[in-house]
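The analysis underlying the following values was restricted to heavy atoms, covering all of them including side chains, and did not include hydrogens, waters or symmetry mates. If you're wondering where the values come from, they're calculated on a predicted model, not measured in any experiment.
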Amino acid sequence: MTSKTVLKRIQNLVWVYIYGGLLSIVLASFLGAGDSAIAWWLRAIGGAFVVVGVALIFVRSRLSPTGPHPEDVA
C-alpha cells in the first residue's frame, strides 16, 4: 500500500536511471578509442544504472496505490 506520490517518484526514477545509464554507455562507446579506462568505467556505471532502473520497474509493479494520505490532501 503506497501513496500516489511515492509511485510517481518511483516512475520518474525509473526513467532517470534507464536513460542516464544508456546515455553513459553510448558516451563510453565514443570515448573507447581515446581512453579505454574511462570508457570501461562509464560502461560499468551505465550498466549498473540500467539494472537499477529495471529493478525499480519490478518494484513498482509489485506496489499498489492506496487512497490519499493526509499529507497528500492539501
Side-chain angles (χ1 to χ4, degrees):
M1 305 296 210
T2 311
S3 70
K4 291 181 182 181
T5 306
V6 172
L7 294 177
K8 185 67 175 169
R9 285 182 186 166
I10 291 174
Q11 289 172 348
N12 288 338
L13 281 175
V14 164
W15 292 111
V16 169
Y17 279 123
I18 289 177
Y19 280 123
L22 291 176
L23 180 65
S24 174
I25 292 170
V26 168
L27 182 63
S29 69
F30 287 111
L31 292 175
D35 193 357
S36 61
I38 293 175
W40 186 87
W41 279 105
L42 277 175
R43 282 187 189 106
I45 292 170
F49 271 41
V50 171
V51 168
V52 169
V54 170
L56 281 176
I57 290 174
F58 178 75
V59 168
R60 170 60 185 95
S61 72
R62 298 293 180 211
L63 297 175
S64 60
T66 60
H69 289 296
E71 66 266 7
D72 291 339
V73 178

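Asn12 CG to Leu7 CG: the interatomic distance, rounded to the nearest 0.5 Å, is 11.0 Å. Remark: Lys8 NZ to Arg60 CZ distance equals 10.0 Å, nearest 0.5 Å.
Residues Val50 and Trp15 are members of separate hydrophobic clusters, defined by side-chain heavy-atom contacts under 4.5 angstrom among Ile, Leu, Val, Met, Phe, Trp and Tyr. Hydrophobic clustering, with ILVMFWY side chains joined whenever heavy atoms are under 4.5 angstrom apart, groups Phe49 together with Ile57.
Remark: Val6 engages Thr2, Ser3, Ile10 in a side-chain contact (heavy atoms from CB on, under 4.5 Å) (not counting sequence neighbours).
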Please tabulate, one pair per line, all N/O donor-acceptor pairs under 3.5 Å involving side-chain atoms of residues 19-29, not counting sequence neighbours.
| residue | atom | partner | partner atom | Å |
| --- | --- | --- | --- | --- |
| Ser24 | OG | Leu42 | O | 2.9 |
| Ser29 | OG | Val26 | O | 2.5 |

